[in-house]
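Heads up, the thing below is written out as structure tokens.
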Amino acid sequence: MPDANSLYGPLDPAPDAGWTAAGPRMGFFTDTSVCIGCKACEVACKEWNAVPESGFDLLGMSYDNTGALTANSWRHVAFIEQPVPAGHRTATFAGNPTGGSAGAASAAVAAGTDSASGTNPGVPAGDADVAARMADAGSSTAPDGPGTRFLGMPGAAPPGRGTGAETRTDFRWLMMSDVCKHCTHAACLDVCPTGSLFRTEFGTVVVQEDICNGCGYCISACPYGVIDQRRGDGRAWKCTLCYDRLGAGMTPACAQACPTESIQYGPLDELRERAAQRVATLHGRGVPEARLYGHDPTDGVGGDGAFFLLLDEPEVYGLPPDPVVTTRDLPRMWRRAGLAALAMTAAAVAAFVGGSS
């Protein structure tokens, strides 16, 4: 039976689990603002952990070929295409000329230049090659503020879609490499009847597949829908945060492979400080919708060991807006069930005694 404190309230995961000589809690910070959707993290995870291939089934509405976190996809890169940037910002191309009739102004916008000075505020002075490449890709300087640049990827449009000034539309890609959150209050740990799930000395949560009996309790208990059973196997599988690599002082495979450092690994306290600085930087650059998710130790799961910088509401990424550990109310529920059982027993005894007299 887990300690009552493991179900809710303040918690230092590793010491609470019995690790007396535990070091700092380790985790992931995933900065989605620099994710390019390359899926290197997915490949590295599969290769290192010998995760079976999950096929190549396009969803029909996205470039994504995995769709969600599963027993065979411990890292999942979500591709989210937004026709118009969400939030309260002005649409990227709103008010900008899109045809040749506007003459020089249209050419300036297509090249991402300032019509008055002939310079591109988003490109360093003198870097003509960068400006030319932006013009070829159909990029523009966003009207949201000085020195900002459109965050979408119009040059990566699907085949058949034009990317020039005549045919471009307002849209942006949101990409996010999702993973198990390694919750501070992990409901999967609370409900596992075999002890297959355990808390490591790094504060992470790992499934021991050789002990798992396939009951599936952890799957329904997870507030994020992370854990999954493998077909033909029945056991539960999820990210281990490369527990074997951590023990050898190595970086998890996904973070090691990420070319843009979108996935960062390290002591959780340091990552939270770094993430707060990154959000402040993005706000200063005219991206007010940048926010952190899963970083707050006072939230419904006590904060996550893997948290994210998002550029929109959590629901856009398929994340619950206010996750709560599903075992939080178990003690109160069991107390009420016990009182109800006692009341029924007392009523039955009273009826029997009264009837026999």
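- Residues Cys254 and Ser177 are not in side-chain contact: their nearest non-hydrogen atoms beyond the backbone lie 4.5 Å or more apart.
- When each of Ser196, Cys218, Cys180 is paired with Val207, the side-chain contact (heavy atoms from CB on, under 4.5 Å) condition holds for Ser196 and for no other.
- Applying the 6.0 Å contact sphere to CZ of Phe198 captures more than 12 heavy atoms from other residues, nucleotides or ligands.
- Residues Tyr265 and Leu271 share a hydrophobic cluster, clusters being chains of Ile/Leu/Val/Met/Phe/Trp/Tyr side chains in contact below 4.5 Å.
- The shortest distance between side-chain heavy atoms of Arg230 and Asn72 falls below 4.5 Å.
- Met176 places a side-chain heavy atom less than 4.5 Å from the side chain of Leu319.
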Kindly indicate, with the supporting measurements, whether the criterion salt bridge (charged side-chain N to carboxylate O under 4.0 Å, His left out) is fulfilled by Asp178 and Lys181. CA-CA 9 Å; Asp178 198 7; Lys181 312 307 181 291; 3.0 Å; yes
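- Separation of atoms CZ (Arg274) and CZ (Phe29) is listed at 8.5 Å; rounding is to 0.5 Å.
- Both Phe308 and Leu282 are assigned to one and the same hydrophobic cluster, defined by single-linkage of ILVMFWY side chains at heavy-atom distances under 4.5 Å.
- The CD atom of Glu81 sits 13.0 Å away from atom CG of Asp64, with the distance rounded to the nearest 0.5 Å.
- Under the 3.5 Å distance criterion, the side-chain polar atoms of Gln208 are matched with a main-chain donor or acceptor of Gly195.
- No donor-acceptor pair closer than 3.5 Å links the side chain of Gln82 to the backbone N or O of Leu174.
- If you take CZ on Phe28 and NE2 on His182, they are separated by 6.5 Å, rounding to the nearest 0.5 Å.
- In this structure, the side chains of Thr281 and His283 stay at 4.5 Å or more apart for every pair of heavy atoms.
- The closest donor-acceptor contact from the side chain of Glu209 to the backbone of Arg235 lies at 3.5 Å or more, if one exists at all.
- Between Gly37 and Phe79, the closest heavy-atom pair is O-CZ, 3.3 Å.
- Residues Tyr224 and Asp304 have side chains that bring a donor and an acceptor to within less than 3.5 angstrom of each other.
- Summarising the geometry, atom CD1 belonging to Ile263 is positioned 12.0 Å from atom OG1 belonging to Thr251; distances are rounded to the nearest 0.5 Å.
- For the residue pair Ala71 and Val51, the shortest heavy atom distance occurs at O-CG1, 4.1 Å.
- Of the N and O atoms on the side chains of Arg25 and Thr184, at least one donor lies less than 3.5 Å from an acceptor on the other residue.
- In this structure, the side chain of Trp19 engages the main chain of Arg199 through a donor-acceptor pair within 3.5 Å.
- In this structure a side-chain-to-backbone donor-acceptor pair under 3.5 Å is present from Thr326 to Ala221.
- Within the 4.5 Å cutoff, the side chain of Val325 has no heavy atoms near those of the Cys183 side chain.
- Nearest heavy atom pair, residue Asn213 against residue Pro193, reads ND2-CG, 4.4 Å.
- The minimum heavy-atom distance linking Ala290 with Leu309 is given by the pair CB-CD2, 4.4 Å.
- No single ILVMFWY cluster, assembled from side-chain heavy atoms under 4.5 Å apart, contains both Val179 and Trp74.
- For Thr70 (side chain) and Ser73 (main-chain N/O), a donor-acceptor pair under 3.5 Å exists by modelled atom type.
- Contact record, Val301 with Pro223: CG1-CG, 4.2 Å, taken as the closest heavy-atom pair.
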side-chain contact (heavy atoms from CB on, under 4.5 Å) between Asp312 and Arg172: does it pass, once the steps are laid out? CA-CA 12 Å; Asp312 208 328; Arg172 69 173 177 177; 3.5 Å; yes
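- Between Asp299 atom CG and Tyr293 atom OH the span is 8.0 Å, to the nearest 0.5 Å.
- In the hydrophobic clustering of ILVMFWY residues, with side-chain heavy atoms under 4.5 Å counting as a link, Tyr317 and Phe307 come out together.
- Counting heavy atoms of neighbouring residues, nucleotides and ligands inside a 6.0 Å radius, atom CD of Glu261 does not exceed 12 of them.
- Considering all non-hydrogen atoms of both residues, Ile227 and Ala236 come closest at CG2-CB, 3.7 Å.
- Under a 3.5 Å cut-off, the side chain of Thr66 and the backbone N or O of His76 do not form any donor-acceptor pair.
- The side-chain heavy atoms of Arg75 and Lys39, taken from C-beta on, include no pair separated by under 4.5 Å.
- With rounding to the nearest 0.5 Å, the separation of OG in Ser262 from CD1 in Ile36 is 9.0 Å.
- The backbone N or O of Gly234 lies less than 3.5 Å from a partner atom in the side chain of Gln229, making a donor-acceptor pair.
- By the rule that hydrophobic residues join a cluster once side-chain heavy atoms approach within less than 4.5 Å of another member, Trp237 and Leu197 end up as members of separate clusters.
- Counting only heavy atoms from C-beta outward, the side chains of Lys238 and Val205 approach each other to under 4.5 Å.
- Residues Thr240 and Thr204 have side chains not in contact (no heavy-atom distance under 4.5 Å, counting atoms from C-beta outward).
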